[in-house]
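To start, the structure under review is shown below, and the notes come after it.
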Amino acid sequence: MSAPDPSTPRSSSSSIRDRLSKAIADAVAVVAGDQGLDLVVDPSTVHLERPARREHGDWSTNIAMVTAKRAATNPRALASAVVDVLEHPLPDHVVGIELAGPGFINFRLDAGWLHEALAAVLTLGEDGYARPDIGHGEKVQVEFISANPTGPIHVGNGWWGSYGDALARILARSGHKVSREYYVNDTGGQIRTLGTSLLARTRGEDIPEGGYQGQYVTDLAAIYDGPHDVTAAGRWAADRILERIRATLASVGIVFDEWYSQASIEESGAVDETIALLDAKGLVYEQDGATWFRSEQLGDVRDRVLRKADGDATYLAGDLAYHRDKFLIRGFDRVIDVFGADHHGQVASLKAGVEALGVDPDRLEVKLGQMVSLVDGDETVKMGKRAGTAIDLDTVVADIGPDATRILSLMSSLDQAATFDLATVREQSADNPVFYVQMASARIGGVGRKAAERGIVRAPLTDVDLGLLTHPRELEVLRCLEELPEVVADAAIDRAPTKVTTWVRKLASCFHGFYHDCPILADDVDPAVTQARLWLVEASRIGLAIGLGLLGVSAPEAM
RNA sequence: GCCCCUGUAGCUCAGCGGAUAGAGCGUCGGCCUCCGGAGCCGAAAGCGCAGGUUCGAGUCCUGCCAGGGGCACCA
């Protein structure tokens, strides 16, 4: 998966993983030849992992177990033969190979491979390290939030928005051409309802049944001086609300490339064109005065209305025109829509429509964010949107800050209907998961300040012996940093920003352990060791900056 | 009834099909003449139930139980 990296230093021109994979595949080939086994293994398919338990070595492969059956032999015998071949000569950095358990082949390495990894982090730096090219320039659009501009966005939208934005960052770092988009529902019945609500307030009347009750409507009414036309008033209010949404999102670091107007699609005639396109394929019929889409033929549970009896296009019709635009006009290779789970019902018809338009429905991924609930100590924070008691994202950001909001929302997976306790993240709280990570960042900044104070300057990397880093705590930091490129790749492939969150917390943990046990600038530390440790600190800074950057969380130099 | 998601430690959540399942909070017990103790170290405590696939299942499949969310000519 990972391509050879030309900038990895020293004799080797590829990662330790690639070198081990190749050695293993070669050894299997030798054994197969010797024993007349029908067994060819491609190095890229060799499964290598870092065992959880250190006594199982630094790297391990299950190659014998997965191929034994194919070769009609038993795993331990095959593994044993492979080990014999692998042992002369031992691959780079390998100091021991053991056969273990049901047929694992475990490799013990000297610390040199970790020093190599450290040099790679430092050479490539914040911009270049952990940039796995798994996208190969694939053009992907991430559409997320897209909340109706009929009121301030609520915490759930913020949570799923963090996901969408972090996913976009991860995809961009892993070789995809990414565009972030917000679909603005600025037309239809709800905008008229918004207009009706606004106009009622301007006249000092109560909001009619089913209207928008929030205080923001009253506030807007106070400054509205436009025509008493429902649609005009609704659009005007939606524009104002959208501005507020934009500001709220910007406050947590979410910025869109495109705000796509639903009204613009309808006015462009694209909806009619799309319906005509479906009609030409025999997928449209009239019934009860409405225009229907034969979506049931394409996997939906039933047919759907595209144009209502009153002549208005349905949301689905607009959405199909919109997705036609994404795929067939703008040419995205892949579209990822992030919706709340309450929009689950739309997925089948949307997929059916995309397929009907001649687009492979697998190119459309719909990620559903499960419902989020907040708790404040013992108090349950109400989240009901209907009741008008939903908590605004603004409120939470004002309470716990943008960094806490983002990292908190990226700690659990999108599929998890998670509950979060605001009390544990609040500034006053002594123990919370957010500052733990930022504390590592601040300590790194502190080392720099202290070094400057004492007139200690970091020597050029080429003059520093990284081999002096042998303390277990130091090596744990290096192991963690070495994993980052794969973490980024896995997070991109699995669409799982939470993997980055988990990694960042692990790095912070390793760093705190190192910092606690390994003095960097103390008087009794060998200056050569100080130099090596300063570079380890710098590599940690790079790792944290990359990881937190992908999450949209700041890496403060001081707190 | 049908569809989607989820059941992992007292609580909130992590866990590429790998060998003895992790973290934070909470509980109990250690570490501050030392670069930021918002830290470090240790202890007790867990995969809803039943089958299946696999050399190997918390992870994949099926059924059951429990919780959440959907099943509009609303968006």
Side-chain angles (χ1 to χ4, degrees), chain A residues 47 49 51-53 55-56 60 62 64-66 68-69 74-76 100-104 106 146 148 150 185 187-191 193 210 262 287-292 301-302 304-312 314-316 318-319 340-348 366 368-371 373 375 411-421 424 429-436 438-440 442-443 445-451 453-454 456 473 486-487 489-490 493-494 496 498-499 501-502 505-506 509 512-513 515-522 524-525 530 533 537 558-559:
Chain A
H47 182 90
E49 63 184 22
R53 304 183 63 77
E55 62 262 35
H56 294 147
S60 177
N62 64 359
M65 290 179 286
V66 294
K69 182 175 269 186
N74 85 72
R76 282 193 67 100
F104 289 106
N106 296 336
S146 300
N148 297 337
T150 52
N185 285 303
T187 182
Q190 54 171 349
I191 293 298
T193 302
Q262 181 179 359
Q287 186 180 306
D288 303 330
T291 304
W292 292 72
V301 293
R302 41 170 294 202
R304 307 280 172 175
V305 171
L306 293 171
R307 191 170 291 290
K308 298 183 263 178
D310 68 7
D312 276 0
T314 58
Y315 180 83
L316 174 63
D319 215 13
D342 52 338
H343 288 70
H344 162 65
Q346 297 171 211
V347 178
V366 180
L368 296 175
Q370 297 303 311
M371 296 297 149
S373 46
V375 157
M411 288 219 299
S412 57
S413 85
L414 197 69
D415 290 335
Q416 181 73 249
T419 303
F420 297 90
D421 188 348
T424 66
S429 169
D431 299 291
N432 80 63
V434 181
F435 291 157
Y436 180 81
Q438 295 195 322
M439 181 64 196
R443 279 181 152 175
V447 169
R449 285 187 293 277
K450 188 63 75 176
E453 232 172 71
R454 300 188 183 178
I456 297 173
R473 297 286 209 175
E486 281 171 61
V487 170
D490 288 347
I493 291 165
D494 296 343
T498 177
K499 286 177 189 280
T501 313
T502 301
R505 299 214 290 159
K506 180 177 172 186
S509 171
H512 284 309
Y515 185 89
H516 187 268
D517 285 357
C518 302
I520 301 161
L521 302 168
D524 56 350
V525 177
T530 291
R533 286 180 175 166
V537 171
M559 292 172 68

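Atom set for the values below is all heavy atoms of this structure, side chains included, hydrogens, waters and symmetry mates excluded. First the proteins, then the strands, lettered A, B, ... as listed; each starts at 1. Here the structure is a predicted model, which is why all the values come from computation and not from measurement.
- Nucleic acid contact for A:Gln346: base, since at least one base atom lies under 4.0 Å from a heavy atom of the residue.
- Nucleotide B:rC41 carries an anti base; the chi torsion (O4'-C1'-N9-C4 or O4'-C1'-N1-C2) is more than 90° from 0.
- With centres under 5.5 Å and a plane angle under 30° as the test, the ring of A:His343 is not stacked against the base of B:rG70.
- Nucleotide B:rA23: paired with B:rU12 (Watson-Crick or G-U wobble, both distances less than 3.5 Å).
- At whole-Å resolution of the value, CG in A:Leu414 and C1' in B:rC5 are 10 Å apart.
- Listed here is the closest heavy atom pair of A:His512 and A:Tyr436: NE2-O, 3.1 Å.
- Heavy atoms of A:Asp415 sit under 4.0 angstrom from primed sugar atoms or phosphate atoms, though from no base atom.
- Ranking B:rU20, B:rG18, B:rC55 by closeness to the A:Glu49 side chain, first place goes to B:rG18.
- Here the separation of B:rG46 from B:rA9, taken at their P atoms, is 9 Å to the nearest Å.
- We find the CG-CD1 distance between A:Asn185 and A:Ile191 to be 8.0 Å, quoted to the nearest 0.5 Å.
- Counting any heavy atom pair closer than 4.0 Å across all strands shown, A:Ala451 reaches no nucleic acid atom.
- If you measure from atom NE2 of A:His344 to atom C1' of B:rA72, you get 15 Å, rounded to the nearest angstrom.
- Pair assignment for B:rG1: B:rC71, on the basis of Watson-Crick or G-U wobble contacts that are both within less than 3.5 Å.
- Across all strands, A:Gly188 comes closer than 4.0 Å to no nucleic acid atom at all (heavy-atom distances).
- Base-pair partner of B:rG51: B:rC61 (Watson-Crick or G-U wobble, both distances under 3.5 Å).
- The side chain of A:Val66 lies closest to B:rC55 when the candidates are B:rA19, B:rC55, B:rC35.
- Across B:rC35, B:rA19, B:rC13, the shortest atom-to-atom separation from the side chain of A:Lys450 is found for B:rC35.
- If you check B:rG69, B:rC35, B:rA75 against the side chain of A:Asp342, the one that comes closest is B:rG69.
- Note on A:Pro75: nothing from the nucleic acid sits closer than 4.0 angstrom, heavy atoms only.
- Base pairing of B:rA66: its partner is B:rU6, meeting the Watson-Crick or G-U wobble criterion (both donor-acceptor distances under 3.5 Å).
- One can place OH of A:Tyr515 at 13 Å from C1' of B:rC32, the figure rounded to the nearest angstrom.
- When the C1' atom is compared between B:rU53 and B:rG15, the two are found 22 Å apart, to the nearest whole Å.
- Using N1 to N3 plus N6-O4 or O6-N4 for Watson-Crick, or N1-O2 and O6-N3 for G-U wobble, each under 3.5 Å, B:rG46 pairs with nothing.
- Here A:His512 lies in heavy-atom contact (under 4.0 Å) with sugar-phosphate atoms only.
- At a threshold of 4.0 angstrom between heavy atoms, the contacts of A:Gln416 are confined to the sugar-phosphate backbone, with no base atom among them.
- Distances from the side chain of A:Met371 to the nucleotides B:rG18, B:rG37, B:rG68 place B:rG68 closest.
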Quiz prompt | Steps toward side chain to side chain contact (heavy atoms under 4.5 Å, CB included) verdict (A:Tyr515, A:Val537) | solution = CA-CA 9 Å; A:Tyr515 185 89; A:Val537 171; over 6 Å; no

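- How far CD of A:Glu49 is from CG of A:Asn62: 6.5 Å, rounded to the nearest 0.5 Å.
- When each of B:rC71, B:rC16, B:rC55 is scored by its nearest atom to the side-chain atoms of A:Lys499, the top-ranked nucleotide is B:rC16.
- Nucleotide B:rG29 has B:rC41 as its partner under the Watson-Crick or G-U criteria, with both atom distances under 3.5 Å.
- B:rA38 has no base stacking with the ring of A:Tyr436 when judged by centroids under 5.5 angstrom apart and an interplanar angle below 30°.
- Across B:rA75, B:rC73, B:rG70, the shortest atom-to-atom separation from the side chain of A:Asp288 is found for B:rC73.
- A:Ser509 places no side-chain N or O within 3.5 Å of a backbone atom of A:Arg505 that could act as its donor or acceptor partner.
- Checked for salt-bridge contact, A:Lys499 and A:Asp490 miss the test: no charged N lies under 4.0 Å from a carboxylate O.
- Checked by distance alone, A:Thr501 brings no side-chain donor or acceptor within 3.5 Å of a matching partner on the base of B:rA14.
- Nucleic acid contact class of A:Ala418 (heavy atoms, under 4.0 Å, all strands): sugar-phosphate only.
- No donor-acceptor pair under 3.5 Å is formed between the side chain of A:Arg307 and the backbone N or O of A:Thr314.
- The residue A:Met411 sits close only to the backbone: its heavy atoms come under 4.0 Å of sugar-phosphate atoms, none of a base.
- In this structure, A:Arg304 does not reach the B:rA75 phosphate: none of its side-chain N or O atoms is under 4.0 Å from OP1 or OP2.
- Atoms CG and CG, on A:Leu306 and A:Asp312 in that order, are 13.0 Å from each other to the nearest 0.5 Å.
- As judged by a 4.0 angstrom heavy-atom cut-off over every strand, A:Arg302 is placed among residues touching the sugar-phosphate backbone only.
- In this structure, the CE atom of A:Met439 is 11 Å from the C1' atom of B:rC35, given to the nearest Å.
- At the heavy-atom level, A:Thr150 lies nowhere under 4.0 Å from the strands shown.
- Where stacking is scored as ring centres under 5.5 Å apart with planes under 30°, A:His516 does not register as stacked on the base of B:rC35.
- Residue A:Lys69 places its side chain closer to B:rC55 than to any other of B:rG36, B:rC5, B:rC55.
- OP1 or OP2 of B:rC13 sits under 4.0 Å from a side-chain N or O of A:Thr419.
- With B:rG39, B:rC13, B:rC4 as the candidates, the nucleotide lying closest to the side chain of A:Arg443 is B:rG39.
- A:Asn106 comes within 4.0 angstrom of a nucleotide base, judged by non-hydrogen atoms across all strands.
- In this structure a side-chain-to-backbone donor-acceptor pair under 3.5 Å is present from A:Thr530 to A:Ile520.
- Counting any heavy atom pair closer than 4.0 Å across all strands shown, A:Ala100 reaches a base atom.
- The listed nucleotides are B:rC41, B:rG39, B:rG18; the one nearest the side chain of A:Arg473 is B:rC41.
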